[in-house]
Amino acid sequence: MTFHILTLFPEMITQATSHSILGRGIRGGLIQVNPINIRDFAINKHGQVDDAPYGGGAGMVMMAPPIYDAYRHIGHNDAPVIYLSPQGKVLTQDKAQELSTHKNLILLCGHYEGVDERIIEEIVTEEISIGDYVLTGGEPAALVLMDAVSRLVPGVLGKAESFQDESFSGDTPLLEYPHYTRPPEFMGRTVPEVLLSGHHSNIEAWRRQEAVRRTQTKRPDLLK
Ligand code: 4FV
């Protein structure tokens with residue numbers, strides 16, 4: 001799968017995606033990350049890509065033409081175009097699962113007060129938010145989406161990593177059960193006996209029960 005990112009800060013994307021699982025997915029050829037610098041499509045030799053809002057008001061607005069030309073440059077007019085913005089539906093595991101089935105995804109990162117509404121009307125297929133708070137730019141949100149989606153692309157997660165019974169997946173989205181590893185004792189705290197029993201069905205039952213209990217206490221909204 002290829003992520004085409006329309007951004008004013010391509011280095012933010014390349015730097016953040018070259019590590020760990022995403023980096024390995026890229027080196028393994030399973031994931032491609034193609035940042036396009038909108039400023040390469042500026043309207044004048046001053047590299048202008050934003051201007052004052054019509055109707056006045058604070059801040060600047062990103063202009064539609066440079067974004068449109070950058071979009072055309074990608075050459076995948078059939079790919080979903082996602083605008084990362086607080087106005088979007090909040091990203092969920094199910095949405096990440098759906099997005100992981102596409103060969104190409106185009107991510108539009110806003111800055112300043114946002115982008116001219118007409119570019120949203122012209123090219124954006126859906127708006128996605130990573131949460132009800134305001135960022136300085138869409139790049140951190142694009143990186144969150146790319147991470148959540150990439151790890152669901154077959155082969156990106158190695159054998160050691162699995163997305164079995166993880167949070168928010170499966171028919172009833174539960175939070176994950178607690179994890180323990182060596183040392184057997186830490187600051188006087190021990191490991192639940194059942195996990196040391198080797199009795200797999202008891203361990204499974206305990207983990208399920210813990211997942212339900214935690215979801216009831218921490219995220220009862222998920223059980224509704
Ligand atoms: C955001 C979010 C977000 C809004 C103005 C970028 C900023 C600036 N994106 N989820 N929350 N974007 O705050 O996705 O253009």
Side-chain angles (χ1 to χ4, degrees), residues 1-17 19 22 31 33-43 46-74 79-102 104-153 167-168 173 219 221-222:
M1 116 171 283
T2 302
F3 295 100
H4 307 271
I5 303 99
L6 297 168
T7 172
L8 289 174
F9 301 94
E11 65 285 354
M12 267 182 86
I13 303 293
T14 37
Q15 277 158 21
T17 54
H19 311 281
L22 205 43
I31 302 283
V33 173
N34 174 25
I36 294 101
N37 191 339
I38 296 167
R39 206 176 292 282
D40 296 346
F41 301 85
I43 61 160
H46 310 297
Q48 186 178 1
V49 292
D50 62 325
D51 208 331
Y54 281 122
M60 299 292 272
V61 175
M62 288 175 71
M63 304 168 82
I67 297 172
Y68 186 73
D69 296 347
Y71 163 72
R72 299 290 296 170
H73 172 77
I74 295 171
V81 178
I82 297 169
Y83 176 43
L84 289 303
S85 105
Q87 317 223 347
K89 282 202 272 338
V90 174
L91 181 64
T92 63
Q93 192 67 12
D94 290 349
K95 171 52 78 173
Q97 186 61 50
E98 183 253 311
L99 292 175
S100 71
T101 62
H102 293 273
N104 289 282
L105 282 181
I106 299 175
L107 308 181
L108 172 56
C109 302
H111 253 276
Y112 319 116
E113 298 314 305
V115 303
D116 186 302
E117 190 66 18
R118 294 166 291 178
I119 193 68
I120 297 175
E121 292 155 1
E122 187 63 31
I123 69 171
V124 170
T125 56
E126 67 184 300
E127 293 189 58
I128 292 181
S129 170
I130 61 166
D132 299 339
Y133 39 80
V134 180
L135 305 171
T136 60
E139 284 77 11
L143 290 166
V144 166
L145 183 148
M146 291 164 67
D147 190 287
V149 171
S150 298
R151 61 191 297 283
L152 299 172
V153 172
S167 300
F168 311 114
R219 291 290 309 278
D221 56 298
L222 287 176

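Counting starts at 1 for both ligands and their atoms, following the listed order.
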Check: Tyr83 N/O within less than 3.5 Å of ligand 1 N/O
no

| task | Answer yes or no: does an N/O atom from Leu135 fall short of 3.5 Å to an N/O atom of ligand 1? | result | yes

Exercise for review: Decide yes or no for Ile5 and Glu139: does some side-chain heavy atom of the first lie under 4.5 Å from some side-chain heavy atom of the second?
Suggested key: no

Closest non-hydrogen atoms of Pro10 and Pro35, given as atom of the first, atom of the second and distance, are CB-CB, 3.8 Å

For atom 11 (N) of ligand 1, the closest protein heavy atom turns out to be Tyr133 O, 2.9 Å

Subject >> Asn104 and Ile74: CA distance, side-chain angles, deciding distance, side-chain contact (heavy atoms from CB on, under 4.5 Å) verdict >> reply: CA-CA 10 Å; Asn104 289 282; Ile74 295 171; over 6 Å; no

> Under 3.5 Å, N or O to N or O, is Gly131 touching ligand 1 that way?
Replying inline: yes

When every non-hydrogen atom of Leu22 is compared with those of Ser150, the smallest separation belongs to CD1-OG, 3.0 Å

In terms of heavy-atom contacts, Leu143 and Met12 come closest through CD1-O, 4.2 Å

With heavy atoms and a 4.0 Å threshold, my read on which part of Ser85 contacts ligand 1 is backbone

So the atoms of ligand 1 within less than 4.0 Å of a heavy atom of Ile130 turn out to be 10 (N), 14 (O)

For atom 12 (N) of ligand 1, the closest protein heavy atom turns out to be Pro86 CD, 3.8 Å

If we number the atoms of ligand 1 from 1 as shown, the ones under 4.0 Å from a heavy atom of His111 are 15 (O)

Ligand 1 atoms nearer than 4.0 angstrom to some heavy atom of Ser129 are 2 (C), 10 (N), 11 (N), 14 (O)

Numbered in order shown, the ligand 1 atoms found under 4.0 Å of a heavy atom of Val134 are 13 (O)

Within 4.0 Å of some non-hydrogen atom of Gly137, the atoms of ligand 1 are 6 (C)

Checking Glu98, His102, Gln97, Met1 against Val149 for side chain to side chain contact (heavy atoms under 4.5 Å, CB included), the one that qualifies is Met1

A student checking ligand 1 against Ala141 at a 4.0 Å heavy-atom cut-off should list atoms 9 (N), 14 (O)

For Tyr112, the atoms of ligand 1 under 4.0 Å from one of its heavy atoms are 5 (C), 8 (C), 15 (O)

Residue set satisfying side-chain contact (heavy atoms from CB on, under 4.5 Å) with Thr92, at least two apart, ordered chain then number -> Asp94, Lys95

